[in-house]
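First the structure, in the form of structure tokens, and then the observations on it.
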Amino acid sequence: DGSALRAWAGMQRGFPTTLFGHEAPVSAAAFSPNAELLLTASRDGTIVLRSWRNMVILRKWIHRGGHGGDHEPVTSVAFSPDGKRIL
């Protein structure tokens with residue numbers, strides 16, 4: 001499925017975890033500076049913040065165009081150096 005992200009959450013599991021939450025391909029991903037959070041973005045205009053520890057979705061945003069229209073693709077995401085903001 002092109003809208004799922006597969007991630008290895010540490011060597012102890014030994015197999016990838018499939019992360020859902022987007023309806024189009026994931027276009028970007030970033031870890032918080034303390035490696036506790038994972039931020040993903042998609043061409044469907046969604047940005048998802050998860051706990052890396054248990055993969056629970058903490059928050060989801062939808063990026064809309066400048067005129068409040070259709071969803072706009074998100075092509076990059078990042079955390080600020082202190083981990084308190086997303087960019």
Side-chain angles (χ1 to χ4, degrees):
D1 181 348
S3 63
L5 177 70
R6 293 181 187 255
W8 279 263
M11 295 304 290
Q12 69 275 14
R13 292 189 191 169
F15 55 91
T17 300
T18 302
L19 305 175
F20 296 96
H22 299 288
E23 294 185 21
V26 172
S27 55
F31 282 99
S32 62
N34 64 5
E36 291 183 8
L37 301 172
L38 174 64
L39 189 63
T40 56
S42 172
R43 293 181 183 178
D44 67 4
T46 57
I47 302 167
V48 177
L49 179 66
R50 311 170 193 278
S51 165
W52 179 241
R53 198 168 298 218
N54 59 19
M55 304 301 165
V56 170
I57 293 176
L58 303 173
R59 184 129 188 223
K60 187 173 183 176
W61 296 270
I62 299 173
H63 176 62
R64 299 197 184 272
H67 301 288
D70 293 333
H71 302 167
E72 294 272 330
V74 180
T75 58
S76 64
V77 290
F79 283 91
S80 62
D82 64 6
K84 294 181 180 180
R85 292 181 299 278
I86 60 171
L87 313 167

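The figures that follow rest on heavy atoms only: side chains count, while hydrogens, waters and symmetry mates do not.
- A single hydrophobic cluster is not seen to contain both L49 and V26; linkage of ILVMFWY side chains at heavy-atom distances under 4.5 Å, directly or through other members, places them apart.
- Grouped with L87 in a hydrophobic cluster is no other residue, since no side-chain heavy-atom contact under 4.5 Å to another Ile, Leu, Val, Met, Phe, Trp or Tyr is found.
- What you find for H22 and V48 is that their closest heavy atoms are CE1-CG2, 3.4 Å.
- Rounding to the nearest 0.5 angstrom, the gap separating the CD1 atom in I57 from the CZ atom in R50 is 4.5 Å.
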- [ ] Given side chain to side chain contact (heavy atoms under 4.5 Å, CB included), test F79 with L39 step by step and report yes or no.
- [x] CA-CA 8 Å; F79 283 91; L39 189 63; 3.7 Å; yes
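- S32 places a side-chain N or O within 3.5 Å of a backbone atom of E36 that can act as its donor or acceptor partner.
- The two residues P33 and S80 have their closest heavy-atom pair at CG-O, 3.6 Å.
- Atoms OG and CD1, from S27 and I47 in turn, are 9.0 Å apart once rounded to the nearest 0.5 Å.
- In the hydrophobic clustering of ILVMFWY residues, with side-chain heavy atoms under 4.5 Å counting as a link, W52 and L58 come out apart.
- Between T46 and E23 the shortest side-chain heavy-atom distance does not fall below 4.5 Å.
- V77 and L37 fall within the same hydrophobic cluster, defined by Ile, Leu, Val, Met, Phe, Trp and Tyr side-chain heavy atoms under 4.5 Å apart, directly or through other members.
- Scanning all heavy atoms of the two residues, the minimum distance from S76 to A28 falls at CA-CB, 3.6 Å.
- Following chains of ILVMFWY side-chain contacts shorter than 4.5 Å, one can reach I86 starting from V74, so the two form part of one hydrophobic cluster.
- For H63 against P73, the heavy-atom pair with the smallest separation is CD2-O, 4.2 Å.
- Between P25 and S42 the shortest heavy-atom distance is O-OG, 3.0 Å.
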